Amino acid sequence: QVQLVESGGGLVQPGGSLRLSCAASGSIFGINAMGWYRQAPGKQRELVARITSGGKTNYADSVKGRFTISRDNAKTTVFLQMNSLKPEDTAVYYCNTAALLTDYWGQGTQVTVSS
């Protein structure tokens, strides 16, 4: 029923930019926050950026100043603008929606930063 559709991943050179999008569809009641997580090979999944229903944002220290999270007015679509990308940003990026009663996850989109 509920789907999180991610797009925008791909291959980019160091210093380049990508914009990820995630649209939540279906009946989701009481969205509290939406965010992006990532998981690199051999590492644990980590929070990249998050935005609450009130518009408060927070970022991982490793991406502060380079990444920007935003959302649409309906608070059902979230974006991640990634600038000044580094090879260390290479990972599968997952969209997350924290709703009133449960969390939802996208299937992930690959971001590869390489020359």
Side-chain angles (χ1 to χ4, degrees):
Q1 181 186 0
V2 174
Q3 298 282 334
L4 300 183
V5 181
E6 299 150 317
S7 62
L11 175 65
V12 65
Q13 296 184 13
S17 298
L18 285 174
R19 181 178 173 87
L20 305 183
S21 300
C22 174
S25 62
S27 298
I28 304 179
F29 183 81
I31 294 177
N32 179 255
M34 299 185 72
W36 292 93
Y37 293 71
R38 69 185 181 188
Q39 187 167 20
K43 295 185 177 181
Q44 297 291 315
R45 187 175 300 186
E46 64 175 347
L47 175 68
V48 177
R50 180 176 179 266
I51 183 167
T52 71
S53 60
K56 183 181 296 184
T57 60
N58 63 282
Y59 299 88
D61 288 341
S62 59
V63 307
K64 286 182 178 178
R66 300 188 297 118
F67 291 10
T68 303
I69 189 169
S70 61
R71 66 186 181 189
D72 68 345
N73 291 331
K75 303 177 182 179
T76 56
T77 303
V78 65
F79 308 92
L80 185 68
Q81 179 66 45
M82 304 185 294
N83 298 326
S84 302
L85 283 162
K86 305 175 181 179
E88 307 92 270
D89 297 317
T90 296
V92 178
Y93 284 70
Y94 297 90
C95 179
N96 169 263
T97 297
L100 182 64
L101 299 178
T102 189
D103 282 19
Y104 302 92
W105 292 89
Q107 291 187 315
T109 184
Q110 177 70 48
V111 172
T112 302
V113 184
S114 176
S115 60

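Quick caveat: nothing in here was measured; it's all calculated off a predicted structure.
Ring-plane geometry between Phe67 and Tyr93 is classed as tilted, the angle between the planes lying from 30 to 60 degrees on a 0 to 90 degree scale.
Here side-chain hydrogen bond (donor to acceptor under 3.5 Å, both in side chains) pairs that include residues 39-50, with residues two or more places apart or in two chains, are Arg38-Glu46. Applying the salt bridge (charged side-chain N to carboxylate O under 4.0 Å, His left out) test to pairs two or more places apart or on separate chains, none has a residue in residues 103-115.
The minimum heavy-atom distance between Tyr59 and Thr68, with the atom names listed, is OH-CA, 3.5 Å. Between Gln81 and Ser17, the closest heavy-atom pair is NE2-CB, 3.9 Å. The two atoms that bring Ala91 and Gln110 nearest to each other are O-NE2, 3.4 Å, heavy atoms only. The two residues Glu6 and Gly108 have their closest heavy-atom pair at OE1-N, 2.6 Å.
Residues passing the side-chain contact (heavy atoms from CB on, under 4.5 Å) test with Val113, sequence neighbours excluded: Val12, Pro14, Leu85, Pro87, Asp89, Thr90, Val111.
Of the possible donor and acceptor atoms, none in the side chain of Arg71 sits under 3.5 Å from a partner among the backbone N and O of Ala33.
Considering Leu20, Val48, Leu80 in turn, Leu80 is the only one that fulfils the side chain to side chain contact (heavy atoms under 4.5 Å, CB included) rule with Ile69. Among Thr52, Ile51, Leu47, the single residue meeting the side chain to side chain contact (heavy atoms under 4.5 Å, CB included) criterion with Asn58 is Leu47.
A continuous path of ILVMFWY side-chain contacts below 4.5 Å connects Met34 to Val2, so both sit in one hydrophobic cluster. In terms of hydrophobic clustering, with Ile, Leu, Val, Met, Phe, Trp and Tyr side chains grouped at heavy-atom distances under 4.5 Å, Leu18 and Tyr94 are assigned to different clusters.
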Task: Working for side-chain contact (heavy atoms from CB on, under 4.5 Å), residues Cys95 and Trp36 - done: CA-CA 5 Å; Cys95 179; Trp36 292 93; 4.0 Å; yes
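The structure places CG of Leu4 at 10.5 Å from OG1 of Thr76, a figure rounded to the nearest 0.5 Å.
Heavy atoms from other residues, nucleotides or ligands lying under 6.0 Å from CD of Gln107 number 12 at most.
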